[in-house]
Amino acid sequence: MSGRADVHAGRARHQRLVTLAAKGNARRAVLPRAVLPRAGAFWLVAGVLALLFFAAAAPSPLYGVYQARWRFSTTTLTAIFAAYALLLLITLLVFGRVSDYLGRRPVILAGLVLAASACGLFLAADGAGLLFAARALQGAAVGTATSALGAALIDLELAGSRRAPMITTAASLLGLAAGGLGASALVQFGPAPTRLVWWLLLGVTVAAAVAVLAMPETVTARPGALASLRPRVAVPQSARATFALALPCLIAVWMISGFYLSLGPSLAAQVLRSPNLLWGGLMIFLLAGTGSGTSVALRALSGPAAMLAGCLALVAGTAVTAAAIEVTSAATLLTGTAVAGAGFGTAMTGSFRTVSALAPPGQRAGLISAYFIVSYAAFGIPVVVAGLATTHVGLHRTSLVYCVTIAGLAAVAAGSLIVRRRSRPGSSFSGAGNHVA
């Protein structure tokens, strides 16, 4: 009997060991990696968004250095800038909705891999050819990741907080501000002006990719990823009227961003009569930094009210900037830039809040993608036209026409918003995005 009991006891111990091993394997299968809490993942995504826009602004103070070193024309420089906007638009059109099917994390990781590769190309650049490739790859990186990042912020925000649109805008603008000023300082005062910033960005981008591996996935993978790659602008029927009404504001906001990132450093050198590259970075910082601050400070405004206030500030800021260009006044230029920046950030927050509030969960990345497609078309196309114009009529006249165009668009947007609010005070648009972020 004792022998039989020993056998039963041995079998029982073996079964317990098998059960424990199975539980361990199951636990490892369920939790194969450390997962950040939602709050931590939310701020990680915001940081990645800021990082991508930092990298997007970093080449601005370097354009003049590259042009002087490799002696290429202003037309070539404009084409290098255009490569960024073109690839960004293409990747947004193709991959803008794919995170609704594959999940946010793999698409964000793909964008970071492209961003790291772009840093490598900038480091290897020895002429205009690799600059084209590096800038194009940067555009592909931002285009791949932007809609997934914006959608992930909405997915990860605390229920009822409604702060994701404000954080999306603030993080983007903070990245642009830090990128413009930080890269200018590194180029002006640091060693290896065309390399140091890219080594630093490469290291931070790799670290960000490792951190993203730990963020929770907010979307369940579903069929349709291949079909989603067919280029189309996916604006849900319920959002189309509001989206159309927001277009003039969107175009004006992103036109001024392109203006400062492309022509800002050259304009600063001309008006301030100084070769110090830090002035160009300061102009970008004033525009985007003031925009980031006002987008947070005025977060209690409803989406349409923020758009209206921002457009009015844009009209005032671009008018002051145009006056500064005409009379070559440094103080007036910096003042106009700060006022325009306040309008830039407020209008951007209002437009994104208003549009994103209408996105059904299953179509969130698609609608945000459409928002950014329009935005980056307004960012890139006028810059290409302006770059070509500077070779024929000069920077002074081109900048004046650019400012007048932005002011006109902002005035049209403000007028349409006022008319809509007066004629349809109870409409869904007048209350769209009406929340405290």
Side-chain angles (χ1 to χ4, degrees), residues 57-78 80-81 176-194 196-197 255-291 313-344 382-407:
S60 292
L62 281 165
Y63 285 141
V65 177
Y66 288 135
Q67 189 175 19
R69 179 173 294 185
W70 295 319
R71 301 183 183 281
F72 49 77
S73 67
T74 302
T75 302
T76 300
L77 185 61
T78 301
I80 291 170
F81 189 92
L176 286 176
L181 188 61
S184 296
L186 288 172
V187 172
Q188 183 68 41
F189 303 113
T194 61
L196 179 59
V197 64
M255 273 188 71
I256 199 166
S257 173
F259 173 69
Y260 274 89
L261 285 173
S262 60
L263 302 181
S266 299
L267 189 62
Q270 185 179 94
V271 175
L272 278 70
R273 300 185 179 91
S274 171
N276 193 318
L277 296 174
L278 201 60
W279 287 116
L282 180 61
M283 289 202 31
I284 296 171
F285 179 82
L286 267 178
L287 179 83
T290 305
L314 268 179
V315 172
T318 49
V320 173
T321 300
I325 295 168
E326 183 62 29
V327 301
T328 61
S329 167
T332 307
L333 178 65
L334 296 176
T335 301
T337 299
V339 175
F344 173 48
V383 166
V384 175
V385 175
L388 296 173
T390 55
T391 63
H392 295 91
V393 299
L395 178 63
H396 181 86
R397 289 184 181 179
T398 300
S399 299
L400 285 175
V401 172
Y402 212 125
C403 287
V404 169
T405 303
I406 293 170

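For the numbers below, each heavy atom of this structure counts, side chains included, while hydrogens, waters and symmetry mates do not. On a predicted model such as this, the values are computed, not experimentally measured, just so you know. One-based numbering along the sequence shown.
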S.K.: With a 4.5 Å heavy-atom cut-off, do L196 and P191 have their side chains touching?
M.R.: yes

S.K.: Quick check against the 3.5 Å criterion: does T76 have a side-chain atom that pairs as donor or acceptor with the backbone of F72?
M.R.: no

S.K.: Would you call F189 and L278 a side-chain contact if the rule is heavy atoms closer than 4.5 Å?
M.R.: yes

S.K.: Can you find a heavy atom in the side chain of P382 that is under 4.5 Å from one in the side chain of V385?
M.R.: no

S.K.: Are W279 and L333 packed together at the side-chain level, in the sense that at least one heavy-atom pair is separated by less than 4.5 angstrom?
M.R.: no

S.K.: Got a second to check how far L287's CG is from L282's CG, nearest 0.5 Å?
M.R.: 11.0 Å

S.K.: Which distance, rounded to the nearest 0.5 Å, do you find between the OG1 of T391 and the CG of L77?
M.R.: 11.5 Å

S.K.: May I ask you to decide if G281's main-chain N or O and S184's side chain share a donor-acceptor pair within less than 3.5 Å?
M.R.: yes

S.K.: Give the minimum heavy-atom separation between A183 and V197, together with the two atoms involved.
M.R.: CB-CG2, 4.3 Å

S.K.: So S257 and L176, do their side chains get closer than 4.5 Å, heavy atoms only?
M.R.: yes

S.K.: Are the side chains of T337 and T290 in contact, using a 4.5 Å heavy-atom criterion?
M.R.: no

S.K.: Just verifying a value: how many Å separate L186 CG and Q188 CD, rounded to the nearest 0.5 Å?
M.R.: 11.0 Å

S.K.: Minimum heavy-atom separation for P193 and R69, please, with both atom names.
M.R.: CG-NH2, 4.5 Å

S.K.: Testing the basics here: between F344 and A288, what is the closest heavy-atom pair and its distance to 0.1 Å?
M.R.: CE2-CA, 4.3 Å

S.K.: Measure across A338 and L286 and return the closest heavy-atom pair with its distance rounded to 0.1 Å.
M.R.: CB-CD2, 4.3 Å

S.K.: Could you tell me the separation between the CE atom of M283 and the CG atom of L263, rounded to the nearest 0.5 Å?
M.R.: 9.5 Å

S.K.: Do Y260 and S60 come close enough that some side-chain heavy atom pair is under 4.5 Å?
M.R.: no

S.K.: List the atom pairs, with distances to 0.1 Å, where a side-chain N or O of residues 319-328 and a protein N or O form a donor-acceptor pair under 3.5 Å, not counting sequence neighbours.
M.R.:
from, atom 1, to, atom 2, distance (Å)
T321, OG1, G317, O, 2.8
E326, OE1, H396, NE2, 3.4
T328, OG1, R273, NH2, 3.2

S.K.: Closest approach of P61 and G180, non-hydrogen atoms and distance?
M.R.: CG-O, 4.3 Å

S.K.: Using side chain to side chain contact (heavy atoms under 4.5 Å, CB included), reason through I256 and T318 one step at a time and then give a plain yes or no.
M.R.: CA-CA 9 Å; I256 199 166; T318 49; 3.7 Å; yes

S.K.: Taking the side chain as every heavy atom from C-beta outward, state whether T194 and Y66 have any pair of such atoms under 4.5 Å apart.
M.R.: yes

S.K.: What distance separates T405 OG1 from M255 CE, expressed to the nearest 0.5 Å?
M.R.: 5.5 Å

S.K.: Atom CG in L261, atom OH in Y63: separation rounded to 0.5 Å?
M.R.: 8.0 Å

